Each structure stands twice: as C-alpha cells, then as structure tokens.
Amino acid sequence: MKRTLLQSVKKSLVALTALTALASCGGGGGGGSHGGGGSSSTYGAKNSPYISAQSFVNALNSVDGYSDNELVKHEWDTVRSDWDSEDFFVIYDAEYDEYVSVSLQYIRSITYYDYYSSNYNLADEFRDIESDHEFYNGLIGDGYGDDYEIVDYEYTDVWGEDYYRGFDSGYLYEDTEETTDVSLMASDKEGQEFFKKAADVSFAYSIDMKTSLSLVTLGSKVEKMVNRANGQKLTQEDELALANDIEKVTGASFVQFNEAANNPEVREVLIEDIAAKLGTTGDNLENRLLPEVFGIDL
C-alpha cells in the first residue's frame, strides 16, 4: 500500500505542477501567500520572520479560500497611543467580520510545526489561535491587546483617514504620514496575480473560487518543493507532506483512493463525498479534477 501511495504522490506532483503552469501569469506561484521565512525539509518548529502585513493578509485569504480579508492600515502607517506600538497594523478579518489590529512582531514570532516555513502555514496557525480564543473567551483577541485585538471604528479626520479604538487595550490606532513602500506594492501585485490564477483555474475546471484558491495554493506549494529539490528527487518528508495536503483539500486519504480503485461501491461513495466537499459534480471530479489536477485515476 505504501508503494501505491508514493506512486500516487508522484503523479500528483506532476499534475499539480502542470496546474500552476496552466494558470501561470508569468511569475512565481502563489503570490504573496507563500513567501518569507526560508525553508527546510526537516519537520519541526518554524516561523515566518520576514512576513509583511500585506503578505499576512494574502495568506489569510489563501487559507480561508476567498479574498475578503483586507489590509486597512499597514505597519508603516499606524501608530498606537502607547509607547510600544510601532509595528501594529489593522485588517478587516472577514472570517469573524471584525476589524482587527495585529502586531507584526507577534505574527513573526508565531511558531507552527511543518516540514518547511511558509506564510500559508503561519496564517493557518493564526486561524487556530483565533479559534481557541473564541472558544475559551467567547471573543477573538488575546484579552489585553498586546498581540492582537478587535478594534472599533472611532472617526474619520478631515484628511479622510480612519481611526480605530482597541476593544481590549482601549488604545487609539492613528495615522502617521503616508509613505510608499515598494515591497508592499510588490505584495499587492503578487496577490492580484494569485487571484487571477485562481480565477483561471476556476473557469477551466468549473469549480468555485474557494476550491480554486485551495488548488492554486497547493500547486504553488508543489512548485516550491520542485524548485527546492533543484532537479533532485523529492525527500520522503516532502512526498508525505504533499499526501497530507491533498488529503486536506479532498477530504480523502490515498488509502481510501486505493480502496476505491478496487471496490466500485466504495468508489461511488468516495466520488460523491469529495465532489460535495469541492463543490462540483461527480462527473467533473472523476473525469477531470482527479486525473488532471491530482494525478489520481480511479
């Protein structure tokens, strides 16, 4: 069974790399959602020490599967009314329908566990942190406003700049003089390219944008694996990480795929379940998505 699993992963590797090429806009894969932090094939504690506010928002959009999260005030344009506040920024958090201030220093220090560092993994971990806070406290935020907190709109000044008040800290988030930052402009452009790729894949495979964003994200991760391998065979850790990612997207393991290939009844149920998860038809899943995108034949 293990041999069949790795053979399927290698087919998936080729298919997902082709997916990225299909939707290529002339740049690297995944836009601002996967940069920063370096990489390693060793599983363990990782973080993203170079992530920007815009890249963080791009990564949240990738994790959530839609593009409604928005950077409202970036780190170069926000001052909080206390002495240790230079690195805060404000986002619209679509997952919770709240404006939220976040410390850049805090998100750069968040630890997650994986085979390599990526902004996507960081954003995924941040979503878990928010979920835990909501579960235990009934509200997202660290309870003090030291790391991140909900903010409420306060007022707009005569120059049209918006001000926000921290729900936990009570501090006011004000504007500094407007600046232009080339790296943020680049992140914006990369983000636009990423969503253009997702739109192309959505059209080509008749799937919704949420599913398409997940597929383009996965294709971009595969592209990074291939580039990191530099022409050499992928490590077993990377192959297993890819298998786990495909399981997350489809909701099915390769063990289930292998069983379905030899059992028509299991196959019928599996096709129905995956199609429902991906928001497509069983026919489109079986005849196009699985073989062309995941490299899986049932």
Side-chain angles (χ1 to χ4, degrees), residues 32-34 36-37 44-114 117-156 162-175 210 213-214 217 244-245 248-249 251 277:
S33 302
H34 299 81
K46 301 291 189 301
N47 56 31
S48 300
Y50 306 111
I51 192 171
S52 70
Q54 183 64 62
S55 294
F56 175 66
V57 172
N58 291 345
L60 286 178
N61 280 325
S62 180
V63 168
D64 295 345
Y66 49 80
S67 57
D68 293 343
N69 299 293
E70 181 183 353
L71 179 61
V72 177
K73 294 166 70 69
H74 61 65
E75 67 266 36
W76 307 112
D77 201 28
T78 305
V79 173
R80 195 172 83 160
S81 57
D82 70 323
W83 62 273
D84 186 22
S85 61
E86 294 83 2
D87 66 345
F88 277 88
F89 57 93
V90 178
I91 69 172
Y92 171 67
D93 191 329
E95 183 76 6
Y96 294 92
D97 192 24
E98 297 280 2
Y99 287 98
V100 177
S101 70
V102 186
S103 164
L104 186 63
Q105 180 179 342
Y106 168 63
I107 63 169
R108 287 176 173 176
S109 69
I110 290 176
T111 299
Y112 48 85
Y113 291 83
D114 209 293
S117 176
S118 78
N119 292 348
Y120 180 93
N121 289 339
L122 167 64
D124 193 40
E125 181 67 24
F126 182 77
R127 282 294 185 230
D128 287 342
I129 291 171
E130 285 184 308
S131 179
D132 287 344
H133 285 159
E134 183 184 40
F135 179 80
Y136 289 109
N137 305 323
L139 197 69
I140 61 172
D142 60 16
Y144 304 97
D146 294 337
D147 299 328
Y148 84 103
E149 65 175 331
I150 291 173
V151 295
D152 295 318
Y153 170 78
E154 186 87 356
Y155 67 93
T156 301
D162 294 333
Y163 289 67
Y164 298 87
R165 179 77 63 179
F167 181 85
D168 293 320
S169 69
Y171 289 125
L172 188 66
Y173 291 82
E174 308 172 67
D175 279 75
K210 182 175 181 179
L213 284 163
S214 297
T217 295
N244 288 333
D245 284 339
K248 288 179 182 178
V249 173
K277 179 176 176 58

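Not measured: the values here are computed from a predicted model. Computed over heavy atoms, backbone and side chain alike; hydrogens, waters and symmetry mates excluded.
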Taking the side chain as C-beta and beyond, is there a heavy-atom pair between [X] and [Y] under 4.5 Å?
{"X": "F126", "Y": "I110", "result": "yes"}
{"X": "F88", "Y": "Y171", "result": "no"}
{"X": "I140", "Y": "V100", "result": "yes"}

Task: Straight-line distance of I91 CD1 to K73 NZ, nearest 0.5 Å - done: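 Those atoms lie 14.0 Å apart.
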Open item on the list: Working to the nearest 0.5 angstrom, can you tell me the gap between N47 CG and S118 OG?
Closed with: 11.5 Å
May I have all residue pairs that pass salt bridge (charged side-chain N to carboxylate O under 4.0 Å, His left out) and include part of [range], sequence neighbours excluded?
{"range": "residues 48-67", "answer": "D64-R127"}
{"range": "residues 100-111", "answer": "none"}
{"range": "residues 131-143", "answer": "none"}

Return the minimal non-hydrogen interatomic distance between [X] and [Y], and the atom names on each side.
{"X": "T111", "Y": "A45", "value": "CG2-CB, 3.6 Å"}
{"X": "G166", "Y": "V151", "value": "CA-CG1, 3.8 Å"}
{"X": "I107", "Y": "L122", "value": "O-CD1, 3.3 Å"}
{"X": "N119", "Y": "A59", "value": "O-CB, 3.4 Å"}

Task: Donor + acceptor pair across side chains of E125, N121 (<3.5 Å) - done: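 Note: E125 and N121 side chains miss the donor-acceptor criterion.
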Open item on the list: Whether the Y112 and S117 side chains hold a donor-acceptor pair (N or O, under 3.5 Å, no angle test) is what I'd like checked.
Closed with: yes
Task: Working for side chain to side chain contact (heavy atoms under 4.5 Å, CB included), residues Y120 and L60 - done: CA-CA 7 Å; Y120 180 93; L60 286 178; over 6 Å; no
Open item on the list: Applying ring-ring contact (aromatic ring centres under 6.0 Å, His included), can you list everything that pairs with Y96, at least two apart in sequence or on another chain?
Closed with: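 Residues passing ring-ring contact (aromatic ring centres under 6.0 Å, His included) with Y96: none at all.
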Open item on the list: Would D93 and N69 count as a side chain to side chain contact (heavy atoms under 4.5 Å, CB included) here? Give the steps.
Closed with: CA-CA 5 Å; D93 191 329; N69 299 293; 3.8 Å; yes
Open item on the list: According to side-chain contact (heavy atoms from CB on, under 4.5 Å), who are the partners of R165, at least two apart in sequence or on a separate chain?
Closed with: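 Applying side-chain contact (heavy atoms from CB on, under 4.5 Å) to R165 gives E154, L172.
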Task: Those residues that, when tested against Y92, pass side-chain contact (heavy atoms from CB on, under 4.5 Å) (two or more places apart) - done: E70, V72, A94, D97, Y99
- [ ] Could you tell me whether a side-chain N or O of S48 sits under 3.5 Å from a main-chain N or O of I51, the two making a donor and an acceptor?
- [x] no
Open item on the list: Main chain of Q105, side chain of D87: is a donor-acceptor contact present, judged purely on distance under 3.5 Å?
Closed with: yes
Task: Set of side chain to side chain donor-acceptor pair (under 3.5 Å) partners for Y153, sequence neighbours left out - done: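 Scan of Y153 (side chain to side chain donor-acceptor pair (under 3.5 Å), adjacent residues dropped) gives T156.
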Please tabulate, one pair per line, all N/O donor-acceptor pairs under 3.5 Å involving side-chain atoms of residues 143-150, not counting sequence neighbours.
from, atom 1, to, atom 2, distance (Å)
Y148, OH, H133, ND1, 2.8
Y148, OH, G141, N, 3.0
E149, OE1, F167, N, 3.4
E149, OE1, D168, N, 2.9
E149, OE1, S169, N, 2.8
E149, OE1, S169, OG, 3.3
E149, OE2, S169, OG, 2.7
E149, OE2, Y173, OH, 2.6

